[in-house]
Protein chains: 2
Amino acid sequence: MASRDGGQKSTDNDTRDRVLNAALHVFSERGFDAATLREITEAAGANIAAVNYYFRSKDALIREVLETFTRPGIEGRIAALDACERAAADGRPDLEDVIEALVRPMVQLSHDRRGGRAMIRLLMQTRALPRPQTVSFFSEELDPLVHRFVDALARAAPELGRPAVFWRYNFALGAVMQVLTDSDPKTRRLARLSDGLCDTDDDEAIIAQLVAFISAGFRAPSRTRVRSSAARVRAPA
Amino acid sequence: MASRDGGQKSTDNDTRDRVLNAALHVFSERGFDAATLREITEAAGANIAAVNYYFRSKDALIREVLETFTRPGIEGRIAALDACERAAADGRPDLEDVIEALVRPMVQLSHDRRGGRAMIRLLMQTRALPRPQTVSFFSEELDPLVHRFVDALARAAPELGRPAVFWRYNFALGAVMQVLTDSDPKTRRLARLSDGLCDTDDDEAIIAQLVAFISAGFRAPSRTRVRSSAARVRAPA
DNA sequence: GTCTATAACACGATAGAC
DNA sequence: GTCTATCGTGTTATAGAC
């Protein structure tokens, strides 16, 4: 896309990489709209015109940031899923293992100061504020991953119907994203609320809690719906 | 709740309400930064100067939108929690009931076209992109609610340690937010991914799935951490 | 490749007529 | 209360010197 012959870029371009990195961090902290190219290039120690030279526009820069930094997280989860499917010779992977394959790469990513944490923040933003471009990008990149996990989970919890697996995969993903968001050093909401009871810097603690919670959730029978009535209170519209 | 004499505004002001409503919707669809006062007033059928007349600035308008439209969701959950605590004479509320008190008001809100859905989107945005003003506002308004739920959940699941209750309350909240986001008519991600298997318009189905998943998660014993090792694959940084 | 200078435009805010 | 007109600022993007 940029220049060079083959199509991609040659990695020895210092300025381009510095801008790309700065863009990731500024975007993640200020949002795509509020972040300005001036902030980004300033943080990168580059000139404003550089972004127009290496990328074409702000939109193209956004796209490039997503494409560049999204890959590691996806590959991490694919690798982990591969591993735990290989470990299951009978084609019935262990439920805990599959869930850990989903959870661990994301949790570890969230503590990576070199871009992982910023990428997680960006992911949250694209979910909260869908733009045509980011939405299409993420669905292209992430949909296959979702289906792989849903398949694995369906095999690991065969008593569950396929719709239930879909629902619960989403619940699981939401649980992860929530806790990563609330563990963010920027806000530390969970640590503050729990008065320090929850150590949001302890990867293994987070993973252990998540795996325990989620796998129990997946083992719950699909409910045939008969409720006690007590909590049936209408929400004010 | 708005006001009358005490200092605020008299509710029979048409233009002000129209601007406030338009602001909610435009903010929720475009984000606080991208949304312009021109868009908002145009959508409200009002003049640009109106926002400066009734509110003081864009920032003040944001604040007012949050304060006005945040209340129903909070009150809904408080009312539901009150009800299920009253139903438990022995001070040990039913776990499913507490969880439904958390879940039902939010799910129902998300299908309210009159502002609830927009409010949910806004909530997601403030979580994904914390600004000083919204962060302080939400923590003032929502922290007490969190503590009430954590207390109730701790009584409903007495075998769980308090840290575990905090972790899992967050997991639960994340599960809800995720499924509400993916059920949003704007994106319909879950319906698309599941090829229609999940009916994201069916309140009761969503609630049933959520309650089953979350309560099972809360019933899982706090894990004493011994893992099988299979899925222990390092994520690429 | 990098920089300065600037074009072209949109924003929030407000003054002042009605 | 409502409107028009405009000010001052900051934005992306680019032309052109180095």
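In what follows, every chain begins at residue 1, and chains take the letters A, B, ... in the order their sequences are listed.
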N/O contacts under 3.5 Å, protein versus nucleotides 11-16 of chain C?
from   : atom 1 : to      : atom 2 : distance (Å)
C:dG12 : OP1    : B:Leu37 : N      : 3.4
C:dG12 : OP1    : B:Lys58 : NZ     : 3.3
C:dG12 : OP2    : B:Leu37 : N      : 3.1
C:dG12 : N7     : B:Arg38 : NH1    : 3.1
C:dA13 : OP2    : B:Lys58 : N      : 2.9
C:dT14 : OP2    : B:Asn52 : OD1    : 3.2

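Comment: B:Asp201 engages B:Arg188 in a salt bridge, judged by a side-chain N to carboxylate O separation of less than 4.0 angstrom. A salt bridge is defined here as a Lys NZ or Arg NE, NH1 or NH2 lying under 4.0 Å from an Asp or Glu carboxylate O, and B:Arg131 with B:Asp33 meets this definition. Between A:Asp203 and A:Arg104 there is no salt bridge, since none of the side-chain N atoms of the basic residue sits less than 4.0 Å from a carboxylate O of the acidic one.
For the atom pair CZ of B:Phe137 and CD of B:Glu67, the computed distance is 5.0 Å after rounding to the nearest 0.5 Å. Here B:Met119 contributes atom CE and B:Thr126 contributes atom OG1; the two are 7.0 Å apart, rounded to the nearest 0.5 Å.
A:Thr15 has no side-chain polar atom (N or O) that falls below the 4.0 Å cut-off from OP1 or OP2 of C:dG1. A:Tyr54 has a side-chain polar atom (N or O) that falls below the 4.0 Å cut-off from OP1 or OP2 of C:dT2.
Identified under the side chain to side chain donor-acceptor pair (under 3.5 Å) test for residues 143-153 of chain B, with sequence neighbours left out: A:Arg189-B:Asp143, A:Arg192-B:Asp143, B:Asp82-B:Arg148, B:Glu85-B:Arg148, B:Asp151-B:Arg162.
Among the heavy atoms of the strands, none lies under 4.0 Å from B:Phe55.
The interatomic distance linking B:Arg18 (CZ) with D:dT2 (C1') rounds to 11 Å, in whole Å.
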